[in-house]
Structure formats: C-alpha cells, structure tokens
*Asks:* 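Here you go, one structure.
Chain naming here is simple, since letters A, B, ... match the order of the sequence lines and numbering starts at 1 in each.
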Amino acid sequence: MRHGACRSEIGIVRTEFSDLAAPAIAPRRRPGVDEQNEVLHKLRHSTSHVMAQAVLERFPEAKLAIGPAIEDGFYYDFDLPRALTPEDLQAIEGRMRELIPQGQPFEYREVSEAEARSLFAGQPYKLELIDDIVKLGRNEYGEADEGPPTLSIYRHGSFVDLCRGPHVSNTREINPKAVKLLSIAGAYWRGKEDRPMLQRIYGTVFQTREGLDAHLAKLAEIDRRDHRKLGKELDLYSTHEIGGAGLIYWHPKGALIRETIENFWRQVHRKRGYDIVYSPHIGRVDLWKISGHWDFYRESMYSPIDIDGIQYLLKPMNCPFAVLMYKTRTRSYRDLPLRWGELGTVYRYERSGVLHGMLRVRGFTQDDAHIFCRPDQLMNEIVGVLDLAFFMLRTFGYEQFDVELSVRDEEHKGKFIGEDSVWQNAESALHEALKLRNVPYKVMPGEAKFYGPAIDIKMRDALGRGWQGPTIQVDFNFPERFDLKFVGEDGQDRRPVMVHRTVLGSMERFVGGLIEHYAGAFPVWLAPVQVKVIPIADRHNDYARQVLTRLLEADIRAEVDDTADRMNAKVRKAQMEKVPYMLVMGDKEVEAGTVSVRLRSEENLGPKPLDEFISLVQQAIAEKKNP
RNA sequence: GCCCUCGUAGCUCAGUCGGUAGAGCACAUUCUUGGUAAGAAUGGGGUCACCGGUUCAAAUCCGGUCGAGGGCUCCA
C-alpha cells in the first residue's frame, strides 16, 4: 500500500460527507478554481493522485506532501531522493496513461487518528498535517474549521492519500489522452522558506483531447507574446549582465513608446487638476527614519551612500519628498486639495530569483501622485482618481477589471495606526466612491496598509490574465509623522489626509504588460514606427523621401526602407517589425502622385492620394485606434 | 535568497566518447531594380559568460562567481 497526502482537501469535517455534497474549496492562492467548474476540479485532483501513484512506483522512498487542483491544472509536491529529470516526467506521464485505463475506483473512508498515524507512519509531511487537523482543528492553511476534526482517506488501486476529496468515482473517468505533465519546480513545504525544499510537478488534464490542445495552444500564445522575447525582436529594451540585474535599458523604439505614454499621462493629469513635480533620487537617512521606511522597509532599500560623512539612501518611494514640498509654506484649507503627480524613479532591492524582464525589476519609474486634502474632500478625490484610472486603462485597451477594497480588520485594530473615526471616515469614503461609480468590488478585511485603507484595481489583458493596475492608498501615517497641517476655516491647525496613488504602476511593468497585451502590435498612436515607406526600385527613392518629408511634417513617425532588398523582403521586414502602415511605391504611384497602402493586418487598401492617407493616419492616432 | 535547468558569433541554435568551433538569420561588398511576407554570390565576425581545478589535452568533466529561465517566497 502506498501513501500520500494531498493539499487542498485534508480532513475537513462536513456532516454529510460525500463527493457530490462536498463543498467547493478553492486553494487560497488560486481562487475561483472550482466555482465555475467542479467537474474539472475533481478530474484534476484525481489525476494528481494518479500522478502521485506513478511517482511512488518509481520512487518507493518518496515522501509525499500535498497535491491540489489549481486553476488550469494540478500539482503535487514530493520529497525525493534525487532531482527529477525531464525523462522522469515522461516516464511518469507514460505510466499514468497505463494506470488510468485500469479502472481503479476511488474509495472514501473516514479513519481514526490512530489508524491515520499508522497508515502514514513513514510520511512525515502527512503526519504533520494530521497533527494540525487533530490538535489545532485547522486545515493546511492554518484556518480554523467548524465542527470536530475528522480524518479521511481516499484510496484508488495501490494508492492511499489523506484527503478530503472530492474525486471522480473511477480512474476511467480520466481521459488519458487529455493528461499532460508540464514542468518540474522547487517549492517550500507549506510555502515557508525555513521548511524543506520539495519538488513540485505541475500538470493538467481536461475532459477532452481538444480541451487540452486548446490549453496548450494558449500556453504557446502566451509564449509568443512574452515581452522579453518581443522586446528583443522589436528592439525595445535590453538588460545587461555587466550593467547589473533588474535594470532596464530603453532602446529608441521602447523609449518612444514610453515617451508617448508619459506625454499622454502628463496631459491627462494636467487636465484633471494635477500639478507635476520632480524630486531627487537620494535623500538623507534621517528623512527615511522619520517616514518610517528605515524601520519598516529596510529590507527593500539599498545600503546608504556616504557623502561628506552623512548617510544618504537611494529612494524606494517618492512620498517623503512630496511631504517636504508640502511643508515649505503654510497651507490654507482653501489651497486643498493639492494634487502632485510625479514620474518618479525608485530603486528597491528585489531578491535575485524574482527578477523577471520588465515586470519585476530593481529600478523603475512610478507614475506616482500624492494628493493632500481635507478629510471632507477625500471621497471626491477618490472618485477623481477612479475616473482617471479607468479612463487611462481603457485608452490602453483594457476593458475588464477586478477591484478590491482593503480595509481594517475589526479584530486587529492594534495593527493599524490612526483614530477610529478617521478610519471610518476613510473607509466609508472609499465605499461611497466605488458605489457612486457603480464599480463592483470585493472587500478584503485586514488587507489594509497599516497607515490606511486602499483600493487595488487589477486589469485583464487580451488573454484574460490579470495584471496589477492602479492602487489608491489613503494615508494617515505620513501626515502624523511629518506633522502636516493646514489652517482651517476657524484659524485652527488641522491634519490633512494624504492619498498615494499610481495608475499605470510603473513604466517598466506597464509597458511590459502592454507588449504582451498587444502582442507587440501597438495601436498607431503608440507604434514606434507608424509608417514604413517602401520604394520598389532605386529610381523611386527620391519620391519615397518626398513622401517621408510630408509624413514627418504631419507629425507621423515614418521611415524609408531604401536598402537594396527587393520589395517583397522590405514588406516582410516591415511586417515583422509590426509597423501598422506600409506604403509601397513604384512607377504607378510616382506617376499618379499616390501611395499604395498595405496594413499590418495584411489588408491592401490600394493606391491613395498622400493627403488622404495622412488624414487617415492622423485620425487613427487621434482616436488611439488600430488601423 | 532557496530548488531545478541553462549560458557557444549581434540573434536563434548545432557541436557525439574530452583532441583548442559550425549552420541559418543579421551585417559588409558585388551582381540583381524586383509590384505586397525572404533574389544570388562572396566575405568579415567567437578568450565557447567569468575565475579556478582535473588532464598530455577542456566548449565538453569538477568547484566557485555572475547572469538568464521555470517555480517557491515577496512586490509597482
């Protein structure tokens, strides 16, 4: 008999326990798994058991940890005598295809603690889980469960696992052709760094081969859109070993995209009552001591720089500088709100293993802003930021959002700074703002920052993936620490409220996300090269340059390809550069004074007068649309 | 930071059993002046990431460092 333990379903007590009646329990880090599709969830969970069975056959001494279904698949964690190889993965997958048709029924049974301990005597991780279930009445997430603890096992064939289920009734319900093991990865036992490092096998299964193929096609599409790959191919950015990890070099074309975004950002902010400021990149350590970063954020900050015996820190955040500017004069209630936007470049220490292209870096430019306002203005300010945020994101083609409101936890008030009344005011301001704009949102109790409640917006990209977007944080801490004041109507000093917010997040992460969202085919207004002018033969080069001049005069970003390549090759190159418009010109066009328009979509619009083409492009730019 | 994998020409990659390197693309030159996704020939280009070790001999084996990738943990 072989033993294992699976993660998500262990020993949870329900009175009438059966697979069908079993409540849907989503693993914490990947929510929404089985809410929509319990069938797939059961299938995946069951397949993870079959995988564990195959692993145990290959490594009888394996220690099993947990093996839940997750979004898009499943995994199982093992403690093995040696590192797994891709060959192991193949062999395990092959063995699974043999085990599945054996038609082994899944059998559920509740067991006593003593029986559980003897069944899993050689399985330390399992025993630890039993301990927690029995002694603490907690599941594997450390969450308390209702009712008396119950231990349950699932058996199929030679494999027994400590498990709450649910499972399919028989392995035959799994389609062996729709099973695929995907990758091997390291994972800490229970996700804790001080616990042993286990080997995790990720896999997936669908009801049909077609379902699996569609999923694999999506994975290939994700790969195709990878911003690191496209960033190199499109010559947008680079990183350099000799330059240091996690630092982005923006090449001319990437810089042009960024510049376009930043110009748009400034324009939008000014229209909405923001002023734009700049602040230094370093500041004395004393500043960071007052702000609290020295105590609470030190692990993300770089070592001090000594200047004439005084210690300075590279800034990980822009906010203390905004505060200093606020304090340069006495502020009246009439001056508020002050909205100060800043494209501020910050540097944060990130552990080497988490760095990832443009998405996770050590130096980045936030599209930051700090709003200083009266408590009674807070709601309006939040509404203003929400409107701004959604307007910006929709402009960049994001249409779907998930909004979270992080508030204080009533039971742990001690963790949060500030008066009850101030918190209540702030939290209700955020609720009201979201309601006023009919934004659906999820309340996250206890997830507030220690200095105030926050709204986080995630946007979904073209592939439905979620990206961290705008964040709006109310702050009572800074005004306190820096003793910020404004003079009220009655002449008394009052405490302003501060709002920290970003809309795009950081230029690095946002552009990295945009590359993947658009698969490198940027809408015309963002495309680094908007028009490629393609003369067919050398004798058309002069005409091509005349056309180029006209385009440049019309503020259109254009290039002439006057290389010795054939026209076909020039078209191909422009296609691969994902240039929205190609203008092909030969004898006919020179004669007629026209340009032949080919779109990136491969649509051929045929010859057009140049003026007509220019207004076409200008319109596409103005509307921020694709051709 | 931790586990696993990887680092060969500007890019994408071959390189068997240890015997001091190859292709395609790109680039340069020449020929070709071609109507909507690759015209042809010739040529230049590598301290095989870096440091050290084993060996008569290291791209290849071993150790370390740096960097990258898949994860864990953490975040804009």
*Asks:* Hey, are A/Asn318 and A/Asp368 close enough side-chain-wise for a donor-acceptor pair under 3.5 Å?
*Replies:* yes

*Asks:* I need a per-nucleotide contact map over nucleotides 32-39 of chain B, read 5' to 3'. Cutoff is protein heavy atoms under 4.0 Å; write B for the base, S for backbone only, - otherwise.
*Replies:* -BBBBBBB

*Asks:* Among all residues two or more places apart in sequence or in another chain, which pass the side-chain contact (heavy atoms from CB on, under 4.5 Å) test with A/Leu343?
*Replies:* A/Glu262, A/Trp265, A/Arg266, A/Thr365, A/Asp367, A/Met507

*Asks:* Report the residues that fulfil side-chain contact (heavy atoms from CB on, under 4.5 Å) with A/Leu526, sequence neighbours left out, ordered by chain and then residue number.
*Replies:*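 A/Leu526: side-chain contact (heavy atoms from CB on, under 4.5 Å) contacts with A/Thr260, A/Ile261, A/Phe396, A/Leu514, A/Tyr518, A/Phe522, A/Pro523.
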
*Asks:* What's the closest nucleotide to the A/Val354 side chain, out of B/rA68, B/rA76, B/rG1?
*Replies:* B/rG1

*Asks:* Expressed in whole Å, how much space separates the P atoms belonging to B/rG70 and B/rC56?
*Replies:* 42 Å

*Asks:* Quick check on B/rG71: is either OP1 or OP2 less than 4.0 Å from any side-chain nitrogen or oxygen of A/Tyr188?
*Replies:*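 No, because none of the side-chain N or O atoms of A/Tyr188 sits under 4.0 Å from OP1 or OP2 of B/rG71.
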
*Asks:* Is there a side-chain contact between A/Ser183 and the phosphate of B/rG70, meaning an N or O under 4.0 Å from OP1 or OP2?
*Replies:*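 Indeed not, no polar side-chain atom of A/Ser183 lies that close.
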
*Asks:* Which value, in whole Å, describes the distance between the C1' atoms of nucleotides B/rC25 and B/rA9?
*Replies:* 12 Å

*Asks:* What does A/Glu299 touch in the nucleic acid at a heavy-atom separation under 4.0 angstrom: a base, only the sugar-phosphate, or nothing?
*Replies:* nothing

*Asks:* Could you please name the option among B/rA76, B/rG1, B/rC72 that lies closest to any side-chain atom of A/Arg200?
*Replies:* B/rC72

*Asks:* Would you verify whether the NZ or CZ of A/Lys458 falls within 45 degrees of the ring axis of A/Phe401 while also being under 6.0 Å from that six-membered ring's centre?
*Replies:* no

*Asks:* Collect all protein-nucleotide pairs involving nucleotides 3-14 of chain B in which both atoms are nitrogen or oxygen and the distance is under 3.5 Å.
*Replies:*
unit_1 : atom_1 : unit_2   : atom_2 : d
B/rC3  : O2     : A/Gly186 : N      : 3.4
B/rU12 : OP1    : A/Lys232 : NZ     : 3.1

*Asks:* OP1 or OP2 of B/rA76 versus the side-chain N and O atoms of A/Arg501: is any pair under 4.0 Å?
*Replies:* no

*Asks:* Say whether A/Tyr398 and A/Asp461, considering side chains only, have a donor N or O and an acceptor N or O under 3.5 Å apart.
*Replies:* no

*Asks:* Could you work out the separation of B/rC31 and B/rU16 based on their P atoms and round it to a whole Å?
*Replies:*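 Approximately 42 Å lies between the P atom of B/rC31 and that of B/rU16.
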
*Asks:* Does B/rG70 have OP1 or OP2 under 4.0 Å away from a side-chain N or O of A/His356?
*Replies:* yes

*Asks:* Considering residues at least two apart in sequence or located in another chain, which fulfil the side-chain hydrogen bond (donor to acceptor under 3.5 Å, both in side chains) criterion with A/Tyr451?
*Replies:*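 Result, side-chain hydrogen bond (donor to acceptor under 3.5 Å, both in side chains) vs A/Tyr451: A/Gln473.
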
*Asks:* Identify which nucleotide among B/rG70, B/rA76, B/rU73 has an atom closest to any side-chain atom of A/Arg228, counting heavy atoms from C-beta outward.
*Replies:* B/rG70

*Asks:* Going by atom type alone, with no hydrogens or angles, which donor-acceptor pairs under 3.5 Å involve a side-chain atom of residues 240-255 of chain A and a protein atom two or more places apart or on another chain?
*Replies:*
unit_1   : atom_1 : unit_2   : atom_2 : d
A/His240 : NE2    : A/Ser238 : OG     : 2.8
A/His251 : ND1    : A/Asp235 : OD1    : 2.7
A/His251 : NE2    : A/Ser238 : OG     : 2.7

*Asks:* Respond yes when some side-chain nitrogen or oxygen of A/Tyr297 is under 4.0 Å from OP1 or OP2 of B/rA76, and no when none is.
*Replies:*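 No, because none of the side-chain N or O atoms of A/Tyr297 sits under 4.0 Å from OP1 or OP2 of B/rA76.
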
*Asks:* Quick one: which residue pairs count as a salt bridge (Lys or Arg N to Asp or Glu O under 4.0 Å) with a foot in residues 349-358 of chain A, not counting sequence neighbours?
*Replies:*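 For residues 349-358 of chain A, and leaving out neighbouring residues, the salt bridge (Lys or Arg N to Asp or Glu O under 4.0 Å) pairs sorted by first residue read A/Glu193-A/Arg351, A/Glu350-A/Arg360.
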
*Asks:* Could a donor-acceptor pair under 3.5 angstrom be found where the side chain of A/Arg509 meets the base of B/rC75?
*Replies:*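 Pair found.
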
*Asks:* Test of understanding: with side-chain contact (heavy atoms from CB on, under 4.5 Å), list the residues that count as partners of A/Leu314, not counting sequence neighbours.
*Replies:* A/Ile282, A/Tyr302, A/Tyr347

*Asks:* Roughly how many Å apart are B/rC50 and B/rU12, using the C1' atom of each and rounding to a whole number?
*Replies:* 23 Å

*Asks:* Listed by chain and number, what are the salt bridge (Lys or Arg N to Asp or Glu O under 4.0 Å) partners of A/Arg339, not counting sequence neighbours?
*Replies:*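 Salt bridge (Lys or Arg N to Asp or Glu O under 4.0 Å) check on A/Arg339 returns A/Glu381.
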
*Asks:* Quick one: does A/Arg360 reach the base of B/rC75 with a side-chain donor-acceptor pair under 3.5 Å?
*Replies:*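 Answer yes: a donor N or O sits under 3.5 Å from an acceptor.
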
*Asks:* State which residues pass salt bridge (Lys or Arg N to Asp or Glu O under 4.0 Å) with A/Arg539; sequence neighbours excluded, sorted by chain then number.
*Replies:*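 A/Arg539 satisfies salt bridge (Lys or Arg N to Asp or Glu O under 4.0 Å) with A/Asp587 once adjacent residues are dropped.
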
*Asks:* Determine the Euclidean distance between corresponding P atoms of B/rU60 and B/rG15; express it in Å to zero decimal places.
*Replies:*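 Approximately 15 Å lies between the P atom of B/rG15 and that of B/rU60.
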
*Asks:* Map every base of RNA chain B to its dot-bracket character, where paired means a Watson-Crick or G-U wobble contact with both distances under 3.5 Å and | marks a partner outside the strand.
*Replies:* (((((((..((((.....[..)))).(((((.......))))).....(((((..]....))))))))))))....

*Asks:* Of all residues at least two apart in sequence or in a different chain, which pass the side-chain contact (heavy atoms from CB on, under 4.5 Å) check with A/Ala369?
*Replies:* A/Tyr274, A/Arg501

